[in-house]
Novice: 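The structure's right below; bear with me while I get my questions together.
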Amino acid sequence: MAISHSAAGVPPRRTPGYVVYSALAVPILIIGQFALLAVLPIALLLFGTWRDLRGRALRWWAGLAALLYAAALAIWQLNPNGAESLSKDIHPLLAGLIVAAAIILLAKIYRRRTR
């Protein structure tokens with residue numbers, strides 16, 4: 001008799017949809033110059049990967065994206081003569097690292113879905 005995933009206590013592999021959409025929204029918002037609005041998808045990424053067991057393998061990448069984004073926010077807020085928006089004040093390298101972390105997260109999600 002075969003044991004299903006739910007009967008064995010093993011969660012299904014599928015990542016929750018809001019995590020996938022949040023990981024997709026982060027690079028779009030950062031590249032599209034709406035960096036401050038990316039706080040919502042970053043928060044959903046952290047919530048989804050730490051709360052839901054299905055996102056357990058993605059925690060490191062979501063945490064890295066959140067840490068980099070938090071660093072960008074802190075630099076923007078602590079700079080006394082910074083720009084009016086985060087998009088104008090964020091360093092291109094830091095923005096690239098945030099985008100790269102989100103894209104790697106998307107690649108890991110896609111790889112998990114194809115297995």
Side-chain angles (χ1 to χ4, degrees):
M1 179 168 118
I3 298 175
S4 69
H5 286 289
S6 60
V10 177
R13 297 181 75 123
R14 197 149 193 98
T15 306
Y18 66 92
V19 172
V20 177
Y21 296 130
S22 296
L24 184 61
V26 169
I28 291 171
L29 290 172
I30 297 288
I31 292 170
Q33 298 294 307
F34 293 101
L36 193 56
L37 292 178
V39 72
L40 181 62
I42 291 286
L44 284 173
L45 277 177
L46 278 179
F47 176 78
T49 55
W50 285 95
R51 180 80 173 148
D52 197 337
L53 291 177
R54 296 174 289 180
R56 186 176 32 207
L58 306 170
R59 287 179 184 167
W60 289 105
W61 293 106
L64 177 65
L67 181 69
L68 291 168
Y69 186 77
L73 276 176
I75 291 168
W76 176 55
Q77 286 297 311
L78 296 175
N79 190 359
N81 50 348
E84 291 182 10
S85 74
L86 176 61
S87 298
K88 293 179 181 177
D89 200 37
I90 193 168
H91 192 276
L93 179 64
L94 188 54
L97 289 174
I98 296 168
V99 169
I103 289 173
I104 290 171
L105 185 63
L106 279 170
K108 293 226 175 253
I109 291 170
Y110 177 74
R111 194 174 121 218
R112 289 178 73 200
R113 285 187 173 195
T114 58
R115 278 200 259 160

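What you see is a predicted model, and the numbers here were worked out from it, not measured in a lab.
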Novice: Between Ile31 and Leu40, is there a shared hydrophobic cluster once you connect ILVMFWY residues whose side-chain heavy atoms come closer than 4.5 Å?
Specialist: yes

Novice: Among Ile, Leu, Val, Met, Phe, Trp and Tyr joined by side-chain contacts under 4.5 Å, find the other residues sharing a cluster with Tyr21 and list them by chain and number.
Specialist: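 For Tyr21, no cluster forms, as it stays isolated from other hydrophobic side chains.
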
Novice: Considering residues, nucleotides and ligands other than Arg59, do more than 12 of their heavy atoms fall under 6.0 Å from its CZ?
Specialist: yes

Novice: Output the distance between atom NE2 (His91) and atom CD1 (Ile98), rounded to the nearest 0.5 Å.
Specialist: 12.0 Å

Novice: Please report, to 0.1 Å, the donor-acceptor pairs under 3.5 Å made by any side chain of residues 63-76, with sequence neighbours excluded.
Specialist:
| residue | atom | partner | partner atom | Å |
| --- | --- | --- | --- | --- |
| Tyr69 | OH | Ala35 | O | 2.6 |
| Tyr69 | OH | Leu36 | O | 3.2 |
| Tyr69 | OH | Val39 | N | 3.3 |
| Trp76 | NE1 | Ala83 | O | 3.0 |
| Trp76 | NE1 | Ser85 | O | 3.4 |

Novice: Quick one: do Leu46 and Trp61 end up in the same hydrophobic cluster if we chain Ile, Leu, Val, Met, Phe, Trp and Tyr together by side-chain heavy atoms under 4.5 Å apart?
Specialist: no

Novice: Using a 4.5 Å cut-off between side-chain heavy atoms of Ile, Leu, Val, Met, Phe, Trp and Tyr, which other residues end up in the same hydrophobic cluster as Leu37?
Specialist: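 The other cluster members (ILVMFWY side chains, heavy atoms under 4.5 Å, direct or chained) are Leu29, Phe34.
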
Novice: If you look at every heavy atom in Ala23 and Ala102, which pair is closest and at what distance?
Specialist: O-CB, 3.8 Å

Novice: Please round to the nearest 0.5 Å and tell me the distance separating atom CG of Leu44 and atom OG1 of Thr49.
Specialist: 10.5 Å

Novice: If I compare all heavy atoms of Leu45 with all of Val19, which pair ends up nearest, and what's the gap?
Specialist: CD2-O, 3.5 Å

